[in-house]
Number of protein chains: 2
Amino acid sequence: MKPTVHDIARSAGVSLATVDRVLNGRPGVRSITRERVEEAISSLGYVRDVAAANLAKGRTYSFTFILPDNDNSFMIGLRDEVRLAMARSGAERVLIRTLTVPPFDAEALVAALETVLEEQPAGIAFVAVDAPSVRAMTQRLKEAGVAVVTLVSDLPGSARDHYAGIDNQAAGRTAAGLMGRFLDGKGGRVAVLAGSMLLRDHRERLEGFLSVLAEDYPKLAILPVMEARDDATLAGELVSSALARHPDIAGIYSLGAGNRGLIRALRDMKAERRPRVIAHELTSSARAALSEGLIDAVLNQDAGHEVRSALRVLKSKADGLSVIAAQERIRIDIFLKDNLP
Amino acid sequence: MKPTVHDIARSAGVSLATVDRVLNGRPGVRSITRERVEEAISSLGYVRDVAAANLAKGRTYSFTFILPDNDNSFMIGLRDEVRLAMARSGAERVLIRTLTVPPFDAEALVAALETVLEEQPAGIAFVAVDAPSVRAMTQRLKEAGVAVVTLVSDLPGSARDHYAGIDNQAAGRTAAGLMGRFLDGKGGRVAVLAGSMLLRDHRERLEGFLSVLAEDYPKLAILPVMEARDDATLAGELVSSALARHPDIAGIYSLGAGNRGLIRALRDMKAERRPRVIAHELTSSARAALSEGLIDAVLNQDAGHEVRSALRVLKSKADGLSVIAAQERIRIDIFLKDNLP
DNA sequence: CAGTTATTGAGGTACGTAAATCAGAAATTT
DNA sequence: AAATTTCTGATTTACGTACCTCAATAACTG
């Protein structure tokens with residue numbers, strides 16, 4: 001049977017209280033005794049029963065999610081997933097609070113983090129805005145002993161414990177790999193539709209896309225990037241006019257939100273003239289366009305997985321446990337109309 | 001605070017013992033009283049603290065994994081993942097046993113299940129062989145109250161609680177969708193390399209592949225399926241001779257194991273004559289071929305995810321809880337050289 | 001060596017639930 | 001109405017760990 005603290009006490013020839021002192025790093029144990037206990041622990045292969053420990057502690061993990069109040073489908077979906085997680089969290093001893101902040105606003109985010117810090121939660125997950133002030137705040141959170149996970153958008157070089165999101169550069173490269181193979185032997189121009197170059201994830205996707213295209217598919221000409229600020233109407237106009245100006249557009253990579261406008265523009269074209277289209281995020285409109293054949297491939301990040309992964313990591317970090325790296329890697333899903341879930 | 005059994009007892013005006021009887025379906029409670037208790041449960045929003053319950057029960061989940069002793073990379077990897085899960089399982093109260101059986105052998109599998117049944121484990125996961133005897137055995141397992149999950153290969157129409165594996169037909173369709181787009185405008189022949197048509201997953205992949213190709217890409221001619229029995233040497237020979245006979249082969253879909261032979265054959269060709277290649281399972285050789293550009297895309301099922309998902313489901317079923325469907329859907333990963341993990 | 005401090009032991013209570021016993025009350029049958 | 005059966009309450013122990021107190025011993029200090 002699994003060894004318990006009692007077994008350790010017996011094996012080390014000490015009392016339960018001493019084992020407890022060692023296990024929980026409490027003072028009042030000679031180093032010789034401590035070593036004896038630790039030896040017993042490792043030789044018996046003792047692992048603390050986390051469930052029982054938490055029961056005894058009466059602990060409830062309190063976590064806070066800070067989410068931007070963007071109104072695109074992806075962020076709405078993300079907030080929904082957090083809400084679902086909250087509903088489920090009652091069963092375990094987890095208490096989740098959420099806070100929404102204006103998007104792309106570093107100062108608002110810092111202010112929110114400040115507020116949250118005062119409540120001393122066990123952990124925080126937030127969609128990072130890439131700014132020095134946010135990095136500094138993250139440092140302070142860590143110093144206060146709070147577990148920190150960035151969600152969807154990372155904060156490289158900061159003190160965060162973990163990033164629950166996809167590798168956006170790899171996503172861009174993958175889009176290029178697909179696009180290159182789709183257009184292989186045909187040539188033509190490739191248009192790129194982005195949200196905003198101020199967003200780190202958009203920049204990274206673009207970077208990955210351009211680098212692979214330049215290196216592996218030099219025959220494809222790339223048009224200047226269109227920035228549609230994740231706005232469907234603007235996106236539609238930009239795409240339409242680009243298609244009118246350049247009849248030889250063979251491929252479009254839409255790396256941001258606002259795909260509804262793009263889809264509208266595509267639907268207006270004659271079917272045989274339509275370019276190959278790769279987009280991001282499997283929203284309901286993207287899904288419809290995929291089935292319809294307007295979009296060829298959608299790269300997706302599963303918001304549900306991201307939220308659950310963030311929670312698992314927060315819990316592990318709060319318990320001081322290690323995480324299963326392979327399990328927490330958020331994958332880039334590639335959907336064709338043939339493998340829609 | 002979270003309500004406990006004590007709160008329910010007080011609120012319903014009954015004793016703790018009665019609450020316990022209701023909660024655990026024990027006899028000896030009048031239906032009127034039972035209703036009162038249930039009302040208190042739902043009005044207080046009581047949820048059983050599973051951790052405390054398991055602690056009290058002193059329960060250790062015992063699960064058995066039955067795995068074929070195939071020696072291809074995927075099965076080796078699967079067995080490794082089960083071993084990893086066993087190593088981690090000590091921390092929770094889970095005891096995992098494994099059993100290996102000869103592959104593709106329904107009777108051996110049934111015999112193994114029979115043995116396992118006598119040990120009365122809480123749950124069983126096994127790689128199914130599609131046979132009526134296995135279906136019947138599954139029925140008996142369920143009747144004995146054992147949670148049953150099929151792993152990697154399903155047993156449709158059986159009594160199993162869950163299937164932890166990919167949708168192989170969708171995988172075949174996806175391969176066809178990619179292949180069709182890769183070869184769009186070029187035409188040519190497409191060769192299919194399979195392991196054995198006796199394997200349900202291979203049949204399903206082929207079916208999906210052929211149906212999409214026929215429907216969406218009628219210009220592509222499909223060569224008769226080559227069966228290499230998942231043997232690398234044979235696969236290499238088959239591919240080489242097919243390429244020699246048909247110089248216009250533009251695409252190859254390898255839907256089984258034994259990719260090393262295929263890769264060897266590809267490496268022997270002049271680079272500019274190489275066809276587009278889509279294969280299954282991201283083994284180390286497939287990964288190398290992907291980076292090298294010999295293979296264009298690899299469809300993969302993550303054995304680690306499958307094992308962890310199977311375990312989660314077994315545990316939930318053993319506890320009589322529901323599972324998060326979205327979390328347990330095993331996805332078809334698509335890897336290009338650009339998004340290798 | 002007495003006095004002080006640092007260790008250690010012994011024991012208890014608590015967390016929320018399970019499971020058991022036994023006595024008593026209520027309902028049902030005879 | 002008595003006997004029997006069915007239901008319910010009260011109480012206890014247990015699971016594995018955390019955390020507390022008090023007493024006892026060991027190790028240092030002056």
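As a basis for the values below, the full set of heavy atoms in this structure was taken, side chains included, without hydrogen atoms, waters or symmetry mates. Letters A, B, ... mirror the listed sequences (proteins, then strands); counts begin at 1.
Under the 6.0 Å distance and 45° angle rule, R48(A) does not count as a cation-pi partner of Y46(A).
Toward the 5′ end of DNA chain D lies the nearest nucleotide of L55(A), the other residue of the pair L55(A) and R21(A) mapping further downstream. Map V19(A) and A56(A) each onto its nearest nucleotide of DNA chain C; the residue landing nearer the 5' end is V19(A).
The CZ atom of R93(A) sits 13 Å away from the C1' atom of dT17(D) (whole-angstrom rounding). Atom CD1 in I8(B) sits about 12 Å away from atom P in dG16(C), given to the nearest Å. In this structure, CG of N54(A) is placed 15 Å from C1' of dC19(D), rounded to the nearest angstrom. Atoms NZ (K57(A)) and P (dC19(D)) sit 6 Å apart, rounded to a whole Å. To the nearest angstrom, P of dG16(C) lies 14 Å from CG of L44(B). Taking atom NE2 of residue H6(B) and atom P of nucleotide dT17(C), one finds them 8 Å apart after rounding to whole Å. One atom, CG of L16(A), and another, P of dA18(D), lie 10 Å apart when rounded to the nearest Å.
One finds a side-chain N or O of T18(A) lying less than 4.0 angstrom from the OP1 or OP2 phosphate oxygen of dG9(C). For S15(B) and dA10(D), the shortest distance from a side-chain N or O to OP1 or OP2 is not below 4.0 Å. A close approach under 4.0 Å does not occur between any side-chain nitrogen or oxygen of T4(B) and OP1 or OP2 of dG16(C).
Across all strands, V50(A) comes closer than 4.0 Å to no nucleic acid atom at all (heavy-atom distances). D20(A) comes within 4.0 angstrom of a base, heavy atoms only. Within the 4.0 angstrom heavy-atom criterion, only backbone atoms of the sugar-phosphate kind lie near A53(B); the bases stay farther away. At the heavy-atom level, R48(A) lies under 4.0 Å from the strands shown only through sugar-phosphate atoms.
A donor-acceptor contact under 3.5 angstrom links the side chains of E107(B) and S133(B), judged on distance only. A donor atom on one side chain and an acceptor atom on the other are not found under 3.5 Å apart for D7(A) and S11(A).
If you check residues 22-33 of chain A against DNA chain C, the residues with a heavy atom closer than 4.0 Å are G28(A), V29(A), R30(A), T33(A), listed by number.
A salt bridge is absent between D167(B) and R331(B); no separation between the charged side-chain nitrogens and carboxylate oxygens falls under 4.0 Å. Between D130(B) and R135(B) there is a salt bridge, since a side-chain N of the basic residue sits under 4.0 Å from a carboxylate O of the acidic one.
In this structure, the side chains of H305(B) and E81(B) stay at 4.5 Å or more apart for every pair of heavy atoms.
For the side-chain hydrogen bond (donor to acceptor under 3.5 Å, both in side chains) with S309(A), the qualifying choice from E328(A), R329(A), Q327(A) is E328(A), the only one to do so.
Here the nucleotide nearest the side chain of V14(B), chosen from dG9(D), dA10(C), dG16(D), is dG9(D).
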